[in-house]
Amino acid sequence: MEEFDLFADERQQDLAEADRLRKELRHHEYCYYVLDAPEITDAEYDRLMVALREIEAHYPEEVPKDSPTQRVGGRASGQFTEVKHLEAMLSLGNAFSDAELRAFDERVKQGLPADTKIEYVMEPKIDGLACSLIYENGKLVRAATRGDGVIGENVTANVRTIRSIPLVLKVPEGETVPELLDVRGEVYMPRQAFMRLNEQRAERGESEFANPRNAAAGSLRQLDPNVTAQRNLAFFAYYLVGEGAQAKHSDSLALLKKYGFAVSENYQVVPDIEGAIAFINQFNELRQGLAYDTDGAVLKVNAIYQQRILGATGKDPRWAIAFKYPPEQATTTLEDIDWRVGRTGVLTPTAVLTPVKLSGSVISRATLHNEDFIKAKDIRIGDKVVINKAGEIIPEVLRVELNARTGEEKIVEIPTKCPECGWIVERQGAEAAIRCTNPHCPALGREGLIHFASRDAMNIEGCGPSVINALMDAGLVRDAADLFTLQKEDLLQLDRMGEKSCDNLLAAINASKENELDKLLFALGIRHVGAKVARTLALTYGDINKLFAARPEELAKVRDIGGIIAESVVTWLGTPTNIDLIDRLKAAGLKMTFTAPETSTTNPFFGKTLVFTGTLPTLGRAEAKTMAQDVGAKVSGSVSKKTNYVIAGEEAGSKLDKARELGVEIIDETTFLEMLGKNQ
């Protein structure tokens with residue numbers, strides 16, 4: 001009996017500790033994904049998660065569905081079931097001019113008693129996918145897409161992977177939450193996540209998403225939640241339906257923030273339609289500096305009783321409307337197409353354009369994605385083309401001006417041979433890309449070496465593309481390990497390589513040996529392993545030998561990894577040529593371990609939100625971001641009232657302007673390094 005009691009006591013202690021860890025992890029998820037103000041480092045978060053997983057593994061029957069460990073779980077569903085919304089999800093009518101906005105305002109006034117005071121709430125129109133979240137007693141139980149407004153698709157398993165969506169609402173001590181809440185909002189893909197996803201898809205030979213909205217929709221409707229989890233989706237709450245709704249929409253937004261939801265920080269209450277128009281004009285100047293895509297602004301009547309009086313017509317509410325900004329485009333001539341071979345062998349076409357100004361920058365090149373894109377748009381050399389910035393980031397050919405054709409345009413010849421080595425190229429299976437079939441194509445080695453030595457990888461200063469080309473042409477290097485066998489007499493053979501340049505390059509190569517394991521893993525060019533994934537692997541395993549021993553199913557359970565990345569890592573590490581490369585790098589003295597940084601709570605950046613903009617004199621963006629995160633800072637992609645510091649380099653743009661407008665402290669790289677306690 002006494003022995004049983006001892007085990008019972010131990011069980012209760014373990015379960016109590018698990019509850020404490022869940023609360024702590026939820027708090028830190030909220031700080032990181034909603035507030036952009038982390039209180040601990042990624043390494044510390046991971047340690048808490050590991051501790052919780054260990055306890056839950058002993059008591060699987062006690063693991064609640066809303067545990068942070070259950071963000072991703074279960075198998076692919078095979079289909080989405082239909083669900084009926086508790087209240088219809090209305091779409092919005094559109095306005096494209098000030099006159100149409102004033103006409104909307106007149107209709108609102110006519111639908112309300114004379115002399116009624118009308119306030120509007122202005123919000124960014126997020127370019128994503130509308131979603132309804134149902135909470136029962138503060139816990140997420142169902143999520144559904146809009147569908148036709150009455151019937152939507154059940155996407156609960158996928159929505160649970162989105163870390164800015166609380167699985168359990170934050171309810172202040174002593175307060176209660178309504179038994180049933182219906183929270184409406186937008187699932188979207190941040191711009192940086194969109195760019196990373198398209199880069200990964202291009203490497204795999206898959207078709208790229210046209211814009212962040214399509215990427216978000218495709219990601220939310222994945223049949224496997226594990227795939228959705230890797231897409232880094234986010235969520236903004238913008239409406240509260242039914243029992244929990246407050247007297248004013250602006251009060252509902254404040255309540256949603258209190259419950260732990262991300263709410264757009266750019267919303268504003270205005271007293272009349274002229275204030276709404278002023279907001280729209282001002283927001284148009286700010287929106288390009290945001291971390292997410294917007295294509296307009298939404299205005300809603302603030303008083304809920306007025307919304308109910310106005311009602312809806314068809315599927316559109318009479319109390320809200322969306323203003324759509326005209327897309328910024330430019331017309332130019334497509335002079336040629338440049339086919340470049342990447343480090344994975346994919347041939348990527350790039351349009352060479354007559355330079356033209358667009359969105360504040362001069363554009364002379366634009367992505368053409370792949371062969372299918374060229375054929376679908378019937379793009380020809382010599383065409384007049386309309387370009388825009390996909391997701392307001394990447395220049396892209398939108399369409400061809402067919403009426404401007406003269407007959408002199410040339411049909412694009414799709415390469416049948418690699419432009420680098422002359423080997424046959426082919427499309428594999430359902431891939432949209434064409435690849436060089438030569439495993440020893442010099443382009444693969446050259447691009448891989450350029451990446452290996454780049455600033456965000458091993459950061460070998462003075463070892464840029466021109467030096468890599470010269471080294472390869474001279475037969476001095478074939479792969480990364482050869483860089484560490486170079487001698488001064490080897491380098492002196494190269495054109496324009498004096499003694500000082502040789503000494504500097506050799507010193508930089510030698511210094512790179514001290515880089516931590518995460519830098520090396522990123523530098524190796526393993527497919528799907530970017531800087532963030534490399535750091536996660538280094539934090540989790542700490543030693544390359546332990547990583548070599550990891551099985552795919554074990555790797556797939558690591559946060560932010562998943563099955564596709566796990567399979568890629570294991571395959572790369574199991575290839576004999578790669579094993580030989582690692583052995584030679586070890587023999588050269590490269591560091592094969594990772595030391596998790598100690599967070600210093602006394603550092604001035606601890607717990608602060610930083611934004612980097614422009615080109616820094618000596619630091620790459622990824623390197624600077626890592627340095628900031630190592631001391632407990634949060635690095636954001638956009639400037640807001642929550643931003644504490646903006647670190648500005650050359651050619652800083654709209655982010656710098658917004659920082660000045662908001663009074664955010666602006667510092668340069670030198671000050672950044674001094675505050676970190678590092679010498680430049």
Side-chain angles (χ1 to χ4, degrees), residues 19 22-23 26 29-30 33-34 64-68 70-71 73 77 80-91 121 123 128-187 220 225 235-264 300-312 315 317 319-320:
D19 283 339
R22 290 185 195 109
K23 290 177 183 177
R26 289 186 192 116
E29 285 185 343
Y30 172 71
Y33 293 101
V34 178
K65 290 183 179 180
D66 53 47
S67 173
Q70 304 303 299
R71 282 283 185 184
S77 66
F80 295 109
T81 58
E82 292 186 342
V83 293
K84 185 175 182 180
H85 296 302
L86 300 182
E87 190 174 306
M89 291 188 72
L90 303 174
S91 57
V121 178
E123 300 172 60
L129 194 70
C131 197
S132 164
L133 309 178
I134 303 299
Y135 288 81
E136 292 181 357
N137 298 313
K139 295 184 177 182
L140 178 66
V141 296
R142 195 187 79 192
T145 61
R146 172 184 281 145
D148 63 5
V150 178
I151 303 292
E153 290 181 316
N154 189 328
V155 289
T156 308
N158 290 355
V159 161
R160 290 171 65 86
T161 70
I162 301 173
R163 293 182 179 274
S164 55
I165 292 178
L167 302 180
V168 179
L169 298 180
K170 287 174 63 70
V171 183
E173 193 75 30
E175 295 186 22
T176 58
V177 66
E179 184 177 338
L180 184 68
L181 275 183
D182 187 350
V183 178
R184 306 284 170 86
E186 200 84 359
V187 173
L220 189 63
F235 180 81
F236 272 134
Y238 58 57
Y239 203 68
L240 189 52
V241 177
E243 183 183 352
Q246 304 296 290
K248 290 186 176 182
H249 174 55
S250 55
D251 293 336
S252 290
L253 292 177
L255 183 62
L256 287 168
K257 288 180 69 174
K258 188 163 75 170
Y259 283 158
F261 289 96
V263 173
S264 173
K300 302 172 186 173
V301 171
N302 195 16
I304 301 301
Y305 85 90
Q306 293 175 358
Q307 292 183 9
R308 290 172 179 159
I309 292 172
L310 292 164
K315 293 185 177 181
W319 45 266

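Every heavy atom of this structure was used, including side-chain atoms; hydrogens, water molecules and symmetry mates were not. All residue numbers in this chain count up from 1 along the given sequence.
Here L133 contributes atom CG and I165 contributes atom CD1; the two are 5.0 Å apart, rounded to the nearest 0.5 Å. Atom CD of E173 is separated from atom CD of E175 by 10.0 Å, given to the nearest 0.5 angstrom. Residue L255 holds its CG atom at 15.5 Å from NZ of K248, rounded to the nearest 0.5 Å. We find the CD1-CD1 distance between I304 and I309 to be 12.0 Å, quoted to the nearest 0.5 Å.
Residues satisfying the side-chain hydrogen bond (donor to acceptor under 3.5 Å, both in side chains) test with K170, not counting sequence neighbours, are none. For K23, the side chain to side chain contact (heavy atoms under 4.5 Å, CB included) partners at least two apart in sequence or on another chain are R26. Under the salt bridge (charged side-chain N to carboxylate O under 4.0 Å, His left out) criterion, R146 pairs with no residue at all, not counting sequence neighbours.
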For this session: Show your reasoning for whether side-chain contact (heavy atoms from CB on, under 4.5 Å) applies to L240 and D182.
Result: CA-CA 6 Å; L240 189 52; D182 187 350; over 6 Å; no
For this session: Could you give me the CA-CA distance, side-chain angles and deciding distance for E123 and E186, then say whether side-chain contact (heavy atoms from CB on, under 4.5 Å) is met?
Result: CA-CA 12 Å; E123 300 172 60; E186 200 84 359; over 6 Å; no
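Within the 4.5 Å cutoff, side-chain heavy atoms of R142 are placed close to those of N154. For the pair L86 and L180, the minimum side-chain heavy-atom distance is below 4.5 Å. Residues P317 and L310 are not in side-chain contact: their nearest non-hydrogen atoms beyond the backbone lie 4.5 Å or more apart. Looking at R22 and V168, their side chains never come closer than 4.5 Å, going by heavy atoms from C-beta outward. Y259 has its side chain out of reach of V183: every pair of non-hydrogen atoms, C-beta onward, lies at least 4.5 Å apart. Using a 4.5 Å heavy-atom threshold, the side chains of W319 and Q306 count as separate. In this structure the side chain of K300 reaches within 4.5 angstrom of the side chain of Y238, judged on heavy atoms.
Heavy-atom neighbours of Q246 CD from other residues, nucleotides or ligands within 6.0 Å: above the threshold of 12.
Nearest heavy atom pair, residue A144 against residue V83, reads CB-CG2, 3.4 Å. Across all their heavy atoms, L140 and Y135 have their closest contact at N-CD2, 3.3 Å. Closest heavy-atom contact between S132 and M89: CB-SD, 3.7 Å. Closest heavy-atom contact between A237 and L256: CB-CD1, 4.0 Å. Taking each heavy atom of T161 and P225 in turn, the nearest pair found is CG2-O, 3.7 Å. Taking all atoms of both residues into account, the shortest heavy-atom contact from V301 to H249 is O-CB, 4.5 Å.
Formation of a donor-acceptor pair under 3.5 Å by the E82 side chain with backbone atoms of I151 is not found in this model. The closest donor-acceptor contact from the side chain of E153 to the backbone of G147 lies at 3.5 Å or more, if one exists at all. Judged by distance alone, the side chain of T156 and the main-chain N or O of A143 form a donor-acceptor pair under 3.5 Å. Listed for the N158 side chain is a donor-acceptor partner under 3.5 Å among the backbone atoms of L220.
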